[in-house]
Amino acid sequence: MIVMNKLKSAFFFLLAVISACSSPEFVSPKELTSFILEPENGLVKKKEVNGHNIEVLFRPTDLLIYQEAKNQLLDEDHYRSLRRKYDPNVYFILKIQKGDREALRFQNHPYQYGALVQKLSFGMTDFVNLTTSSDTIPVMAFSIDRTYDLGNSTKLIFVFDRKKVENHEWVQFNLSEFGLGLGYQHFRFKVDDLKRLPSIEFPI
């Protein structure tokens, strides 16, 4: 009986720990953003290289749907359409900052600035990819957030094929030297962490 009681106590203790560590089923967009930015959740990676702060973070489908639909009346058909649009892919955001400003702002020569803008706008498929233990996953699409030197970081979003990511233990975001003197940098994410996060409860 004593052994049985101890086993029951251990079971309920383990259950409480699992419940405490699990993420809530539904959250607000602000809460989901906060969840992603908590380092212990494994969805954001940061480095400091040659005076630059580099940050790579996972961008879940729910936030992309919210971003596109937040100023619109979202009925069920529209929601399903957006879900079909974004679900097939995986999204990562790359931020590069120097001091508290965009990294591009510190280019002294107009030609150098122009060449970097050209690369960041049209050529980053040559400098970014994902790798797994067995595969290289190319960029499907990317875009730069155009802030015209008024933002606090140079920010890009990269799109990858979800099917090539989801059956691996980890995936690594790789950034090659493209002109800022950052060298080769990599940021590894556990695929389980990319799947294990709360959802936004959309009003449909």
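Residue numbers count from 1 along this sequence. Since the model is a prediction, treat every value here as computed from it, not as a measurement.
Counting heavy-atom neighbours within 6.0 Å of E169 CD, excluding the residue itself, gives a total of 12 or less. Sparse packing is recorded around NZ of K46, with 12 or fewer heavy atoms of other residues, nucleotides or ligands lying under 6.0 Å away. Around atom NZ of K30, no more than 12 heavy atoms belonging to other residues, nucleotides or ligands sit under 6.0 Å away.
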| request: Please lay out, stage by stage, how K47 and E55 fare under the test salt bridge (charged side-chain N to carboxylate O under 4.0 Å, His left out). | output: CA-CA 7 Å; K47 287 184 180 181; E55 183 176 304; over 6 Å; no
| task | For the pair L182 and I96, evaluate side-chain contact (heavy atoms from CB on, under 4.5 Å) and give the outcome as yes or no after the intermediate values. | result | CA-CA 10 Å; L182 303 177; I96 306 174; 4.0 Å; yes
| task | List the steps and the verdict of side-chain contact (heavy atoms from CB on, under 4.5 Å) for F202 and I65. | result | CA-CA 9 Å; F202 291 96; I65 293 173; 3.7 Å; yes
| request: Give the C-alpha distance, both sets of side-chain angles, the deciding distance and a yes or no for side-chain contact (heavy atoms from CB on, under 4.5 Å) between Y66 and E68. | output: CA-CA 5 Å; Y66 172 76; E68 183 165 334; over 6 Å; no
| request: Evaluate the criterion side-chain contact (heavy atoms from CB on, under 4.5 Å) for residue pair L130 and F92; output intermediate values, then yes/no. | output: CA-CA 10 Å; L130 295 181; F92 287 93; 4.1 Å; yes
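A 4.5 Å side-chain heavy-atom check between V49 and I54 finds at least one atom pair inside the cut-off. With a 4.5 Å cut-off on side-chain heavy atoms, F127 and N174 do not count as touching. Looking at P198 and F26, their side chains never come closer than 4.5 Å, going by heavy atoms from C-beta outward. At a threshold of 4.5 Å between non-hydrogen side-chain atoms, the residues I36 and P60 count as touching. By the 4.5 Å heavy-atom criterion applied to side chains, V27 and F35 are not counted as neighbours. Counting only heavy atoms from C-beta outward, the side chains of V165 and I137 approach each other to under 4.5 Å. Within the 4.5 Å cutoff, no side-chain heavy atoms of V128 are placed close to those of F178. With a 4.5 Å cut-off on side-chain heavy atoms, E25 and E201 do not count as touching.
Minimum heavy-atom separation, S133 to H168: OG-ND1, 4.4 Å. Considering every non-hydrogen atom in both L120 and F142, the closest pair reads O-CE1, 3.1 Å. Contact between L63 and P29 at its shortest, heavy atoms only, is CD2-O, 3.9 Å. Residues P138 and F160 approach most closely at O-CD2, 3.4 Å, considering heavy atoms. Among all heavy-atom pairs drawn from E76 and R80, the shortest one is OE2-NH2, 2.5 Å. Nearest heavy-atom pair across D193 and G42 is OD2-CA, 3.9 Å.
For the pair E166 (side chain) and K163 (backbone), a donor-acceptor distance under 3.5 Å is absent. A donor-acceptor pair under 3.5 Å is absent between the side-chain atoms of S153 and the main chain of K155, judged by distance alone. Of the possible polar contacts, one joining the Y91 side chain to the Y86 backbone as a donor-acceptor pair under 3.5 Å is found. In this structure, Q97 contributes its side chain and N53 its backbone to no donor-acceptor pair below 3.5 Å. No side-chain donor-acceptor contact under 3.5 Å links S81 to the backbone of D77. Using a distance-only test at 3.5 Å, with no hydrogens or angles considered, a donor-acceptor pair links the side chain of E177 to the main chain of G181. A donor-acceptor distance shorter than 3.5 angstrom exists from the side chain of R162 to the backbone of D87, with no hydrogens or angles considered. Under a 3.5 Å cut-off, the side chain of K119 and the backbone N or O of G179 do not form any donor-acceptor pair.
Interatomic distance, OG1 of T61 versus CZ of R84, reported as 14.0 Å (0.5 Å rounding). Note that CG of L175 and CG of L156 are 9.5 Å apart. Values are rounded to the nearest 0.5 Å. For the atom pair L32 CG and D62 CG, the distance stands at 6.5 Å (nearest 0.5 Å). S121 contributes atom OG, which lies 5.0 Å from atom CD1 of I144 (distance to the nearest 0.5 angstrom). In this structure, L180 CG and N50 CG are separated by 10.0 Å, a value rounded to the nearest 0.5 Å. Distance OG1/T154 to CG/L94: 9.0 Å, rounded to 0.5 Å.
Taking the six-membered ring for Trp and thresholds of 30 and 60 degrees, F173 and F158 have ring planes more than 60 degrees apart, a perpendicular arrangement.
Residue W170 is not grouped with residue V44 when hydrophobic side chains (ILVMFWY) are merged at heavy-atom distances under 4.5 angstrom, including chains of intermediate members. I157 and F122 are members of different hydrophobic clusters when ILVMFWY side chains are connected at heavy-atom separations under 4.5 Å.
No donor-acceptor contact under 3.5 angstrom links the side chains of R188 and T131, judged on distance only.
With a 6.0 Å cutoff to the six-membered ring centre and a 45° limit on the axis angle, K45 counts as a cation-pi contact of F189.
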